[in-house]
Amino acid sequence: PSSFVIIGAGQAGIKAAETLRAKGFDGTITLIGAEHWHPYQRPPLSKAYLKGEMSEDRLLLKAPDWIKGAGIDTHLGKRATRLDPATRTITLDDGTEVPYDKVLIATGTHARWLHLDSADLPGVETLRGIDDTRRIGARLKQAHNVAIIGGGFIGMEVASAVRTMGKTVSVVEAQERILARVVAPEVSAYLETLHSEHGVNLRTAVGVDAIVGNGHVQSVELSDGSAVDADIVLIAAGAEPTIDLAFHAGLDLARGIIVDNACRTSVPHIYAAGDCTVFHSARYGRLIGLESVQNACDQAKAAAASMLGEPVAYDPVPWFWSDQYDTKLQIAGLSAGYDRIETVGSIPEGRFSIRYYAGGTLLAVDSINDPRAHMMARREIAAQPPALAA
Ligand code: FAD
């Protein structure tokens, strides 16, 4: 029987391992994870887990006993440092060499760092893993003022979580509005009002000049000459695919590892899935990269099928969610390139959908507090013919 290796023990990695076993693969599965944790879900890290409302057990995607029982060998707390397609060998940071017949790269993303003055002070954080949330949580016990750089999903979710904990929160966003890259102005405006009503100091259209402190962080200086106090600064400036292994192994790359619709990379026997990939979407007519649980799980399943020689074409309707206070935002599809929107429901009542069109084609639907509209939108978009952007 063959030996399959999975690099990255996150959402995609464990889903691929699980799928391989569910499909009857009886060879060796080796799961390599840089973190010392068993595979866990990240969404609660900026939501319930940050607020202390969820235990670590519940973050785990599979119980350690299940993983063992399924005959999945793990190397946790070990980073793969080299992938050699010529000898089909992976080298770990402790020198261990792991041979493979087929390998899946599921290394995800890492938080983008901003090289600001004094960014190395204690109290300047990013948020990607359990250890980050734990460190931030420990600091929150003493901290009063939290400054968040970046008004994206993670920034706004953390703002809502720490506001709920009674902290003073400032969010600094260089764009004119929060979540500008992903939602229509109407949705940004709705969420900006929500955050302002909850007492968040929202500073849009302003950059960050420097972080200031003495032994620990004290404030953040903004490009308009003002400053916000901070005992904790969260840099929430987006994520970058973790593709160093893939680069040195000679794989074709764009923003992430380029895979086909069966999760094959440009090098034989090497597959990739999850946040670290980009792929050509027939549905949207362009190369896309998705950072979502949906994509990590669905691509992992497609990769597993492909590794077993049973490829299925992967071209999903992407979907995503974000929880802020008691508000649930759900996104179906990708809205980039829309030329018209339609609002359904009531913005003042806080239950509405924004439907994005290009010509007569529905590209995406953002729903606020309307799970039913979200589910219907996913079906509606899926039912349309592909190549929307063509
Ligand atoms: P990951 O889950 O990141 O796993 C990759 C793993 O690979 C990591 O453990 C990493 O340490 C490991 N690794 C990297 N390099 C190596 C190496 N060389 N050797 C060994 N191991 C390596 N998505 C949603 O859909 N909804 C949400 O509400 C949502 N909220 C989120 C909140 C936060 C705070 C974060 C951080 C993410 C959130 N996401 C959300 C995104 C979602 O968690 C990711 O899309 C998903 O985890 C991607 O899965 P993945 O397996 O590709 O990567």
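Ligands are counted one by one from 1 in listed order, and the atoms in each one are counted from 1 as well. As the structure is a prediction and not an experimental result, all values here were calculated from the model.
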With a cut-off of 4.0 Å, which atoms of ligand 1 are near a heavy atom of Glu291?
-> 45 (O)
Provide the number and element of each atom of ligand 1 under 4.0 Å from a heavy atom of Ala106.
-> 5 (C), 6 (C), 7 (O)
Which donor-acceptor pairs under 3.5 Å do the side chains of residues 232-239 make with protein atoms, sequence neighbours left out?
none

Is it the side chain, the backbone, both or neither of Ile154 that has a heavy atom closer than 4.0 Å to ligand 1?
-> side chain
Would you say ligand 1 has an N or O under 3.5 Å from any N or O of Lys47?
-> yes
Decide whether an N or O pair under 3.5 Å exists between Ala34 and ligand 1.
-> yes
Any N/O of Trp321 closer than 3.5 Å to an N/O of ligand 1?
-> yes
Numbering the atoms of ligand 1 from 1, which are under 4.0 Å from a heavy atom of Thr242?
-> 15 (N)
Salt bridge check: are Asp224 and Arg203 linked by an N-O gap of less than 4.0 Å?
-> yes
Electrostatic pair Glu35-Arg42, nearest N-O below 4.0 angstrom | yes
Check whether any side-chain heavy atom of Tyr40 sits under 4.5 Å from a side-chain heavy atom of Leu45, and report yes or no.
-> yes
For Phe4, ring-ring contact (aromatic ring centres under 6.0 Å, His included) partners two or more places apart = Phe25
Short list, please: which atoms of ligand 1 are under 4.0 Å from a heavy atom of Ser46?
-> 32 (C), 33 (C), 34 (C)
For ligand 1, is any non-hydrogen atom under 4.0 Å from Asp244's backbone (N, CA, C, O), its side chain (CB onward), both, or neither?
-> neither
In ligand 1, the atoms that come under 4.0 Å of a heavy atom of Ile32 are 20 (C), 21 (N)
List every atom of ligand 1 that sits less than 4.0 Å from any heavy atom of Ala296, numbering the atoms from 1 in the order shown and giving each element.
-> 48 (C), 49 (O)
Close side-chain approach of Tyr100 to Leu83, heavy-atom, < 4.5 Å | yes
If you measure from each non-hydrogen atom of Gln41 to ligand 1, which part falls under 4.0 Å: side chain, backbone, both or neither?
-> neither
Near Ser292, which atoms of ligand 1 are under 4.0 Å from a heavy atom of that residue?
-> 23 (N), 25 (O), 45 (O)
Under 4.0 Å between a Lys/Arg side-chain N and an Asp/Glu carboxylate O for Arg58 and Glu53?
-> no
Would you call Lys68 and Asp65 a salt bridge, using N to O less than 4.0 angstrom?
-> no
Lys/Arg N to Asp/Glu carboxylate O, Arg82 vs Asp244, below 4.0 Å = no
